[in-house]
Amino acid sequence: MRKALAAALVLALAGCSVSQAAGGGDGKVKVVVGYQSKTINTVTAGTLLRSLGYLEKRLGDRYTVEWQDYDTGAPITAKMVAGKIDIGSMGDYPLLINASRTQAVETARTELVSVTGYNLRGGLNMVVVPPGSKARTLTDLKGAKISASVGSAGHGTLVQALEKAGLDPAKDVEVVNHQPAVGAAQLESGGVQGYAQFVAWPGLLVFQGKGRLVYDGSALDVPTFHGVVLRQAYAKEHPDVVKAFLQAQIDATRYLHEHPLAAAESVAKVTGLPPEVVYLYNGPGGISTFDVTLKQPLQAAHEHDVAYLKRISPDFGGVNVSSFVDDRYLREAYGPSYDSDRASTVNQARVTGTDAACGGTVSDPATASELWLAGESATHPAETPTCLLRQIATAKGAVRAAYVPDTTTGTRWFADKSIWLRDRTALEKARLLPFTTQDGADAYRERHPKAEPVTYEQAVQAAKGGGDA
């Protein structure tokens, strides 16, 4: 860190940034963007934006863009302190660390200028266990080793969730600091008994059959998000670059909403992630809501996170969130509807259409489900999870993926990986109820004792027979 701060001071005396100094002999100014390709909640400021070429088109021939890909936000922050990255995207906890580590040096100071995607309940972060684990709830992990990227949003969610469950994060579990990919390998090999991470790692492991969800971050009911941060000095020197980047991000967000399947396939091709996993998070009604505006609930959650980050990251000195957030550039790039859109938390990308099995209109985000059949270029909307299962039971093609919202939290999840209950007292098309975790299903049964557990296969057969089979 001392070396990074020294580098930043040298740059200040030189009166230019490293990215400017590293410009080629062609006279073009280099713009260096740090992103995380596999953290697919940032695709509109990273992977998808890069593949679409929107930033380069906005900037024109005067600039050249260098994209640098990382697994987490920590190396992006280190390079921003050293003046080697101009614009970066990362999660809420890493953003706070970024602010804390750059505010001490004026030339390295950063600002949060936009959001990529968010989940108002916290569903972007989850805890996974091996498929054969006896753990059914978070409290069952007492005494276990849990892999997490220390200081990340996934780690923060774990700490808060453990405390809410009555466990001491410092004494009742052992948190092992891993990069996401390393932790995933450790979970598979048995080196750890739990895995707390951010989008898209939990969904990936569950989809691959290498993990089972034991804690859904939505149960915490604390917003989580990813955002775009830039060096303040660079923004003052090149406001045209900042405006172009934010306009390009808005363009990429619009493309994601208008072409969700194509966007998922594009991101999957670049990252190596299965398209079905990308679509789980980034598709209509997905776990992530993509919206660039800096919403008040997200800022409030950021302020809430400061106290937890101080506890899990000893070198975090705190930060003034209000002074870190700056939406001046975004307001200019966005246009006159910024304030009204900022005030809204309605997901502009929702599952809609007509249900082929139940015949109703798909309009309620709390129950809207979606079926993706192999070999087809469009998905099939379903009014409820029961209607979705009915479609699966009568489908002529192989199921590529089927998505349902958790009955309580609304978290979108894979239908065949969900915990299912059947409530014969409910309306016919609402009798089969999915949950992301056993914890959630058990809590529902306490309130609705007549609901009974069924397997996924039993649920499909029940839906085929009208819900009473």
Side-chain angles (χ1 to χ4, degrees), residues 119 121-142 157-158 161-162 164-167 193-196 202-203 205-207 209 211-222 280 285 287 364-370 382-390 392-393 401-463 467-469:
N119 184 287
R121 293 187 62 109
L124 297 173
N125 309 308
M126 297 174 167
V127 182
V128 173
V129 295
S133 172
K134 294 181 179 179
R136 289 295 181 268
T137 68
L138 202 59
T139 54
D140 294 333
L141 289 177
K142 184 175 182 178
T157 293
L158 174 65
L162 287 170
K164 190 175 182 179
L167 299 180
Q193 294 76 54
Y195 179 80
L205 292 182
V206 171
F207 178 78
R212 173 172 52 79
L213 192 62
V214 74
Y215 186 79
D216 173 3
S218 292
L220 194 60
D221 202 17
V222 176
L280 169 73
I287 298 177
D364 186 357
T367 60
S369 306
E370 196 170 13
E383 188 179 359
T384 68
T386 302
C387 297
L388 175 84
L389 294 178
R390 193 173 299 172
I392 292 173
Y403 307 98
V404 290
D406 180 282
T407 302
T408 302
T409 67
T411 300
R412 178 173 162 104
W413 203 235
F414 299 111
D416 62 334
K417 306 297 183 182
S418 297
I419 308 296
W420 288 89
L421 298 179
R422 175 170 52 189
D423 185 352
R424 297 179 188 272
T425 66
L427 294 174
E428 183 179 319
K429 61 182 178 182
R431 289 176 182 166
L432 296 162
L433 308 171
F435 299 84
T436 56
T437 65
Q438 188 65 55
D439 229 2
D442 291 346
Y444 184 89
R445 289 189 71 197
E446 288 182 5
R447 302 189 303 272
H448 304 84
K450 291 186 178 181
E452 57 183 349
V454 290
T455 66
Y456 169 68
E457 291 74 19
Q458 289 171 337
V460 172
Q461 288 303 310
D468 287 322

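Take Lys429 and apply the side-chain hydrogen bond (donor to acceptor under 3.5 Å, both in side chains) test, not counting sequence neighbours, and it matches Glu383. Partners of Pro385 under the side-chain contact (heavy atoms from CB on, under 4.5 Å) rule, at least two apart in sequence or in another chain, are Thr367, Ser369, Val404, Pro405, Trp420, Pro434. A search for side-chain contact (heavy atoms from CB on, under 4.5 Å) contacts involving Ala219 returns Tyr215, not counting sequence neighbours. Taking Ala393 as the reference, Val460, Lys464 meet the side-chain contact (heavy atoms from CB on, under 4.5 Å) condition, with sequence neighbours excluded. A search for side-chain hydrogen bond (donor to acceptor under 3.5 Å, both in side chains) contacts involving Thr384 returns nothing, not counting sequence neighbours. Residues that satisfy the side-chain contact (heavy atoms from CB on, under 4.5 Å) test with Lys142, not counting sequence neighbours, are Leu167, Asp172. Legend: residues meeting side-chain hydrogen bond (donor to acceptor under 3.5 Å, both in side chains) with Asp216, ordered by chain and number and at least two apart, are Ser218, Thr409, Thr411, Thr436. Under the side-chain hydrogen bond (donor to acceptor under 3.5 Å, both in side chains) criterion, Thr407 pairs with no residue, sequence neighbours left out. By the ring-ring contact (aromatic ring centres under 6.0 Å, His included) test, Phe207 is found to be paired with Phe414, residues two or more places apart in sequence or in another chain being considered.
Put simply, NE2 on His448 and CG on Asp423 are 7.0 Å apart, with the number rounded to the nearest 0.5 Å. The distance from atom CZ of Arg431 to atom CD of Glu452, rounded to the nearest 0.5 Å, is 11.5 Å. Separation of atoms CG (Leu205) and CE (Met126) is listed at 12.0 Å; rounding is to 0.5 Å. The CG atom of Leu158 sits 6.5 Å away from the CG atom of Leu138 when rounded to the nearest 0.5 Å. For the atom pair OG1 (Thr386) and CG (Leu433), the distance works out to 6.5 Å, reported to the nearest 0.5 Å.
Looking at every heavy atom in both residues, Arg422 comes nearest to Leu432 through CB-CD2, 3.9 Å. Here the closest non-hydrogen pair linking Gln193 and Leu141 is O-CD2, 3.8 Å. Nearest heavy atom pair, residue Tyr403 against residue Leu388, reads O-CD2, 3.8 Å. Here the shortest heavy-atom pairing between Leu213 and Val127 reads CD1-O, 3.5 Å.
Here the side chain of Arg390 pairs a donor or acceptor atom with the backbone of Ala463 at under 3.5 angstrom.
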Would you check, one step at a time, whether the test side chain to side chain contact (heavy atoms under 4.5 Å, CB included) holds for Trp413 with Ile419? CA-CA 10 Å; Trp413 203 235; Ile419 308 296; over 6 Å; no
Going through the checks in order, is the side chain to side chain contact (heavy atoms under 4.5 Å, CB included) test met by Leu124 and Ile287? CA-CA 7 Å; Leu124 297 173; Ile287 298 177; 3.8 Å; yes
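Listed by first and then second residue, the salt bridge (charged side-chain N to carboxylate O under 4.0 Å, His left out) pairs involving residues 436-445 amount to none (not counting sequence neighbours). Contacts classified as salt bridge (charged side-chain N to carboxylate O under 4.0 Å, His left out) and involving residues 403-419 (residues at least two apart or in different chains) are given here: Glu370-Arg412.
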Please tabulate, for the side chains in residues 129-137, all donor-acceptor contacts under 3.5 angstrom to protein atoms that are two or more places apart in sequence or on a different chain.
| from | atom 1 | to | atom 2 | distance (Å) |
| --- | --- | --- | --- | --- |
| Ser133 | OG | Ala135 | N | 3.0 |
| Arg136 | NH1 | Ser133 | O | 2.9 |
| Thr137 | OG1 | Thr139 | OG1 | 2.8 |
| Thr137 | OG1 | Asp140 | OD2 | 3.4 |

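Inter-residue side-chain proximity for Val214 and Val128 is flagged as unmet; no heavy-atom pair is nearer than 4.5 Å.
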